[in-house]
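Scroll down for the structure; my scribbles are underneath it.
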Amino acid sequence: MTLGENAKRLAASLLIAIFAGTATWGVFHYFPFLAATERWTVDFRIANLSPPEPQHPEIVLAAITEETLAQFPYRSPVDREFLAKTLRTLEAKGAKALLIDVLFDQETEPEKDDMLRETLAALRIPFAISYSDSPLYVTEEQLEYLNDFVKPEWRGLADIEPDIRDGIIRFIPGSRVVKDGLDTVNVAARVAELLGVQVPRSQRRIAWRGEPDLETPPFRSFPSHAAAVLPEAWFKDKIVLVGADLSLTDRYRTPFSVGRTKGDNRMAGVIIQAHVLAQMLEGRVSAEDRTFWPEIVTLALFAALGAALGNTGVPIWARLAGGAGAVVALWAVGWTLFVGHYPFAEQIAAWIGGKSIIVPLTEPIIALGLAMWLNDAWSGRAERQQKKFVEGVFSKYVSGELLKEIVKDPSKLQLAASRKPMSLLFTDVAGFTTLSEKISAPHLADLLNRYLDGACKELWKYGGTVNQFTGDAIYAMYNAPREQPDHPRMALMSALDIDAFSERFRAEERAKGVDFGVTRIGVHTAEANVGNFGSTERFEFKALGDAVNTASRLEGLNKYFGTRILVTQQTKDFCSDIPFRKVGGVIVKGKTEPIHVYEPLSPARANDAQTASYNAAYDLMREKRPEALAAFEKHCADFPDDSLAQYHVERLREGEQGDVFAMAEK
């Protein structure tokens, strides 16, 4: 390849990489389905790989639980006398600040309402109360009551709005002007603000606090109804969040819901506010807010890698293996960078201002695949043209199965042959020549095509290669051109399925008045010479040698024994799970050594009375016992349709002994 061609290919690969990376970024950012896959990997890392952190030292929850509500005659609104006493108790025990995540949007018992209002006005520690003017949460009447009960300086936005794409909580709402004209921030942010922290007023992602372990929550939680009897040290100098932690109320899906199936994997709203408060107090920034450069760099690398792999010219499996290795490395590095336990991960995270890094895990895979495919499509045009030429020229001379192998590996066009173990199968239809003289040519063509099509499907199902058709006869081989370690079994399974198909086909045709004959099948396993044999102008891929002749002879023996399938000892030895009965040691014409031949049986026939009777008579014959003839004669009287047993009767009556015998004809 010339320098100019190399430069052209390099430029094309670079453009393809840029296009693949840009297109992938656009698709993932503007198509919800694909964006959801990336969000899932981020949520999974947050839920399952976040570095463990100790329980927050300043934030505790005084949770309103089912046991709390069970003490009162009504569940909602929460008893306000109880709330007033709880708030006074927490203040008395030294709480530094309070976040009251309860929406006071309706009247209850007037004296209790007044008690709570007075308690709130008398509190000497900073506190904020959840507030909302959203029509999703309060009506105009409820809002009027809420505005009267909760003073503007006490308010913080309680609105927790799930991501509309998948219903998961990810964001802290920004500040907004409520209906009374005040700019109000999130309730947790308001508590932090009261404690002297400068809080952001724009929407941002929640930086979730890691759990100490899967059994320990990130924030200590105590039942609010037990606050009066709990030690003062548990609340002193703590920011206490008072809110509902109930099984059916105010619960939301968060990233911690992803990949967890144990129990209710939703999070109470008050716990979400605890995460937000911790974030504000510590100035934490979500790793998701620092993903731009990791995303761009990762997409660029994988798009470039995909373009390079598509341009290598190596086999597709090698390119796929390289891509798969890159994906494994991406996930390993991505998880490591997020966990941040290793020095290099901590250093990289520090460069972009955080404790962990989130790199995309699905976007780069699409960028790699797209770039690889586009570059392969660009650089593979000449190869595809060559394959098209091969298909056009050689489809006239070789089988479709072999053609696929040639297209994949042109070296198979060489004429050199090899010797290898093979299984060979021959079939023939009894009386087909006579039948062909009795029916019209169109009818014959239709009959033969339907039969051969059905038989070939059974061959191809087990990887057989049809080598040749001779009229109604089929010659097929296994373990060439493709390797088949279990080729004896595959050949026998083909034979059994061809037999089943042929019997169905014969019954259907006879019902139509067509005297279609029995299909006889022979299967033999042995070494044979296989390859392309012929001249440079015309050749065939086939097997040659004595093994082929033996398989062909075996098929022909069926007509003497009245069987439909015969296999040799070499094939039987590889098929221990299939039952057989012994035919005998057959010396075919022109040979001096016997071929040990067997008939495969169905599972039902293997254990029936006929087979047991045959085997008993056969054992006597093999041992050359004089009672063998009588045993076979009795067997034939009991089972007159057993043609193979009748063959042995005739042999024994003519004075032959033993189970090795010669055939007078081919």
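Residues: numbered from 1 along the sequence shown.
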Given side-chain contact (heavy atoms from CB on, under 4.5 Å), test D183 with R201 step by step and report yes or no. CA-CA 10 Å; D183 186 32; R201 307 190 75 81; 3.0 Å; yes

Test side-chain contact (heavy atoms from CB on, under 4.5 Å) on N479 and V530; report intermediate values, then the result. CA-CA 10 Å; N479 204 35; V530 61; over 6 Å; no

Might you work through the side-chain contact (heavy atoms from CB on, under 4.5 Å) test for W208 and I272, ending with a clear yes or no? CA-CA 9 Å; W208 301 96; I272 295 174; 4.3 Å; yes

Before you tell me yes or no, could you show the steps for V27 and I366 under side-chain contact (heavy atoms from CB on, under 4.5 Å), namely the whole-Å CA-CA distance, both residues' side-chain angles and the distance that decides it to 0.1 Å? CA-CA 10 Å; V27 166; I366 302 302; over 6 Å; no

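Heavy-atom contacts from other residues, nucleotides or ligands closer than 6.0 Å to CZ of F574 number 12 or fewer. Counting non-hydrogen atoms of other residues, nucleotides and ligands closer than 6.0 Å to CD1 of I164 gives a total of 12 or fewer. Within 6.0 Å of NZ on K457 lie no more than 12 heavy atoms contributed by other residues, nucleotides or ligands.
Atom-to-atom distance recorded for Q273:CD and D101:CG is 5.5 Å, nearest 0.5 angstrom. Note that CG of N529 is 8.0 Å distant from OG of S418, once rounded to the nearest 0.5 Å. For the atom pair CG of L277 and CD of E282, the computed distance is 9.0 Å after rounding to the nearest 0.5 Å. If you take CD on E295 and OG1 on T24, they are separated by 10.5 Å, rounding to the nearest 0.5 Å.
Side chain of R190 to main chain of T184: no donor-acceptor pair is present (N/O by atom type, distance under 3.5 Å, no hydrogens or angles). Looking only at distances, no side-chain donor or acceptor of R204 sits under 3.5 Å from a matching main-chain atom of S286. Side chain of E58 to main chain of D237: no donor-acceptor pair is present (N/O by atom type, distance under 3.5 Å, no hydrogens or angles). A donor-acceptor pair under 3.5 Å links the side-chain atoms of N265 to the main chain of S257, judged by distance alone. Between the E53 side chain and the G210 main chain, a donor and an acceptor come within less than 3.5 Å of each other. N48 places a side-chain N or O within 3.5 Å of a backbone atom of F44 that can act as its donor or acceptor partner. No donor-acceptor pair under 3.5 Å is formed between the side chain of Q484 and the backbone N or O of A491. Here the side chain of S50 pairs no donor or acceptor atom with the backbone of R209 at under 3.5 angstrom. At distances below 3.5 Å, not a single donor-acceptor pair connects side-chain atoms of E458 with backbone N or O atoms of L496. No side-chain donor-acceptor contact under 3.5 Å links E363 to the backbone of E38.
Across every non-hydrogen atom of P173 and N186, the tightest pair is O-CB, 4.4 Å. Taking all atoms of both residues into account, the shortest heavy-atom contact from Y478 to G464 is CE2-CA, 3.3 Å. When all heavy atoms of L309 and G323 are compared, the closest pair comes out as CD1-N, 3.7 Å. When all heavy atoms of A268 and D245 are compared, the closest pair comes out as CB-OD1, 3.7 Å.
Residues L301 and L330 form no side-chain contact, since every pair of their non-hydrogen atoms from C-beta on lies 4.5 Å or further apart. When side chains are defined from C-beta on, S423 does not count as touching M490, because their heavy atoms never get closer than 4.5 Å.
The side chain to side chain contact (heavy atoms under 4.5 Å, CB included) check on T37 picks up F28, T362, with sequence neighbours excluded. In this structure, the side chain to side chain donor-acceptor pair (under 3.5 Å) partners of K420, at least two apart in sequence or on a different chain, are E483.
In this structure, D159 pairs ionically with R176, as a charged nitrogen and a carboxylate oxygen lie closer than 4.0 Å. A salt bridge links R489 with D577: at least one charged nitrogen is closer than 4.0 Å to a carboxylate oxygen.
Checked against Y252 for a side-chain contact (heavy atoms from CB on, under 4.5 Å), the options I168, I169, I271 give a single hit: I169.
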